[in-house]
Amino acid sequence: AGMLAVARSQPAPSGAAITWVERNALDTGLPARSFDVVLCQQGLQFFPDKTGALREMRRVLVPRGRLAISVWRSTGVYNSAVGNALNQHVSVDVGSRFCASRDVPSDEDLRRFAVTAGFQDVMLHLQRTMVRLPSPQDFVLCHLAATPVASDVKAMSEAARAALGCDVARQLSAYNEDDGVAFPEEVNVVTAMT
């Protein structure tokens with residue numbers, strides 16, 4: 001709901017007719033065979049029933065409709081550093097909740113979920129990119145303020161938050177570049193057709 005509120009607050013791109021709706025991924029209530037394309041960016045990992053969500057995506061696609069899904073390939077350099085720092089400075093529960101968005105299916109599982117859901121021409125594409133962030137010591141606390149663990153971090157003392165930022169910066173020091181850090185990230189993109 002919060003993400004949709006932000007989306008609704010933005011002006012629509014010129015020529016785009018966008019209807020924002022909040023639905024359950026397992027039962028969207030949308031008409032069968034009503035969409036040409038389904039895109040799911042960094043969402044599949046949150047669905048408890050991944051195959052069920054993919055079946056619903058397939059149900060709403062027209063014949064020869066296309067699917068594209070992206071999920072992280074691993075916890076990643078930055079999230080690992082922040083998760084470790086949260087484990088150390090707050091609690092293992094908070095570190096785990098922060099890293100939940102990176103609890104992703106394996107390559108094999110992604111393919112299997114799509115095939116089991118009835119998709120054809122299932123392809124997995126590995127995308128690599130370099131992520132550049134400003135100084136982690138400064139960036140991490142701003143980033144954490146926009147995550148599900150924001151209240152836990154806010155409850156820390158100012159000194160504890162500063163120590164957390166320093167810890168993340170230390171862990172990422174091998175990736176220092178100019179006034180920030182640069183590190184590799186990998187994303188799995190699954191494409192398929194009905």
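FYI, side chains are in, hydrogens and waters are out, and symmetry mates aren't considered; it's all heavy atoms of this structure. Residues take their numbers from the sequence shown, with the count starting at 1.
Residues M57 and I69 form a side-chain contact, since some pair of their non-hydrogen atoms from C-beta on lies under 4.5 Å apart. Annotation: side chain of V6 is not in contact with side chain of L4 (no heavy-atom distance under 4.5 Å). Q88 is not listed as a side-chain neighbour of L164, based on a closest heavy-atom distance of 4.5 Å or more. Using a 4.5 Å heavy-atom cutoff, the side chains of M156 and D152 are not in contact. Within the 4.5 Å cutoff, no side-chain heavy atoms of R132 are placed close to those of D178. Counting only heavy atoms from C-beta outward, the side chains of Q120 and R64 approach each other to under 4.5 Å.
Pairs engaging residues 183-194 under the side-chain hydrogen bond (donor to acceptor under 3.5 Å, both in side chains) rule: R73-E186, R102-E185, D107-N188, H125-T191, R128-E186 [sequence neighbours left out].
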**Prompt:** Hey, mind stepping through V82 and C99 against side chain to side chain contact (heavy atoms under 4.5 Å, CB included) and telling me if it holds?
**Reply:** CA-CA 8 Å; V82 175; C99 290; over 6 Å; no

**Request:** Show your working on side chain to side chain contact (heavy atoms under 4.5 Å, CB included) between L30 and F35 and close with a plain yes or no.
**Result:** CA-CA 9 Å; L30 298 168; F35 292 90; 3.8 Å; yes

**Item:** Trace of the side chain to side chain contact (heavy atoms under 4.5 Å, CB included) decision for V60 with T28
**Value:** CA-CA 9 Å; V60 301; T28 63; 3.9 Å; yes

**Request:** List the steps and the verdict of side chain to side chain contact (heavy atoms under 4.5 Å, CB included) for V187 and V71.
**Result:** CA-CA 6 Å; V187 175; V71 295; over 6 Å; no

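Contact record, P63 with R33: CG-NH1, 3.9 Å, taken as the closest heavy-atom pair. Of all heavy-atom pairs between P136 and A169, the closest is CB-CA, 4.0 Å. In this structure, Q45 and P105 approach most closely via the heavy-atom pair CB-CD, 4.4 Å. In terms of heavy-atom proximity, L54 sits nearest to A114 at CD1-N, 3.8 Å. The heavy-atom pair separating R161 from K154 by the smallest distance is NH1-O, 3.2 Å. Shown here for F119 and A192, the closest heavy-atom pair between the two residues is CB-CB, 3.7 Å.
With hydrogens and angles disregarded, a donor-acceptor distance shorter than 3.5 Å links the side chain of R58 to the backbone of G118.
We find the CH2-CD distance between W20 and Q10 to be 9.5 Å, quoted to the nearest 0.5 Å. One distance of note links CG of N176 with CZ of F183; it measures 11.5 Å at 0.5 Å rounding. Taking OG from S34 and CG from L61, the interatomic distance works out to 8.5 Å, rounded to the nearest 0.5 Å. Rounded to the nearest 0.5 angstrom, K50 NZ and D109 CG are separated by 9.0 Å. Summarising the geometry, atom CE belonging to M123 is positioned 13.5 Å from atom CG belonging to L67; distances are rounded to the nearest 0.5 Å. Separation of atoms CH2 (W72) and OG (S101) is listed at 8.0 Å; rounding is to 0.5 Å.
Inspection of the Q41 and S70 side chains reveals no N or O donor paired with an N or O acceptor under 3.5 Å.
Summarising the local packing, CE of M130 is surrounded by more than 12 heavy atoms from other residues, nucleotides or ligands at distances under 6.0 Å. Other residues, nucleotides and ligands contribute over 12 non-hydrogen atoms within 6.0 Å of the CG atom of N24. Taking a 6.0 Å sphere around CZ of R66, one finds it holds 12 or fewer heavy atoms contributed by other residues, nucleotides or ligands. By the neighbour-count criterion of 12 heavy atoms within 6.0 Å, atom CD of E158 is sparsely surrounded, having that number or fewer from other residues, nucleotides or ligands.
Taking the charged nitrogens against the carboxylate oxygens, E56 and R59 do have a contact shorter than 4.0 Å, which makes a salt bridge.
Under the ring pair (Phe, Tyr, Trp, His ring centres under 6.0 Å) criterion, F113 pairs with no residue, sequence neighbours left out.
The side-chain contact (heavy atoms from CB on, under 4.5 Å) test with V94 is passed by exactly one of L144, V149, N87: V149.
Taking the six-membered ring where tryptophan is involved, the planes of H143 and Y78 are tilted, since the angle between them lies from 30° to 60°.
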